[in-house]
Amino acid sequence: MPNPKRRHSNSRTGKRRSHDHLRKTTLVVCDHCHNLKPAHQVCPRCGYYRGRLLIPPKEKKQEK
Ligand SMILES: [Zn+2]
């Protein structure tokens, strides 16, 4: 099996791992309820996406 000839420096390991972090979730303002929601996803609060009601919110069922 091939093996590394020399050990990597701490600096080289750190430079490689500098890209290993997680990205922050992109939040956008919902067009319908103006709540912050994840981009490209149905709004968790009002259930709207691209101006259409896709998932009726559970709170509204109780009001009826
Ligand atoms: Zn919404």
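For ligands, and for the atoms within them, numbers begin at 1 and follow the listed sequence.
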Problem set entry | Non-hydrogen atoms of Cys33 and Arg45 that approach each other most closely |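 Between these two residues, the closest heavy atoms are O-NH2, 3.7 Å.
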Exercise. Which atom pair, heavy atoms only, marks the closest approach of Thr25 to Pro38?
Worked result: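 Looking at all heavy atoms of both residues, the shortest contact is CG2-CB, 4.4 Å.
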Problem set entry | Atom pair SG/CD1 of Cys46 and Ile55 - distance to nearest 0.5 Å |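 Atom-to-atom, Cys46:SG and Ile55:CD1 are 10.0 Å apart.
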For this session: Any chance you could measure Tyr49, atom OH, to Leu54, atom CG, to the nearest 0.5 Å?
Result: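 Going from the OH atom of Tyr49 to the CG atom of Leu54 covers 9.5 Å.
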Problem set entry | Cluster overlap Leu27 with Val29, hydrophobic side-chain contacts below 4.5 Å |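 Yes: a chain of side-chain contacts under 4.5 Å links Leu27 to Val29.
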Problem set entry | Sphere of radius 2.8 Å around the Zn ion (ligand 1) - protein N, O or S atoms inside |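 As for protein N, O or S atoms lying under 2.8 Å from the Zn ion (ligand 1), they are Cys30 SG, Cys33 SG, Cys43 SG, Cys46 SG.
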For residues 8-18, which side-chain N or O atoms pair as donor and acceptor with protein atoms under 3.5 Å away, sequence neighbours left out?
{"residue": "Ser9", "atom": "OG", "partner": "Arg12", "partner atom": "N", "Å": "3.1"}
{"residue": "Thr13", "atom": "OG1", "partner": "Ser9", "partner atom": "O", "Å": "3.2"}
{"residue": "Ser18", "atom": "OG", "partner": "Lys15", "partner atom": "O", "Å": "2.7"}

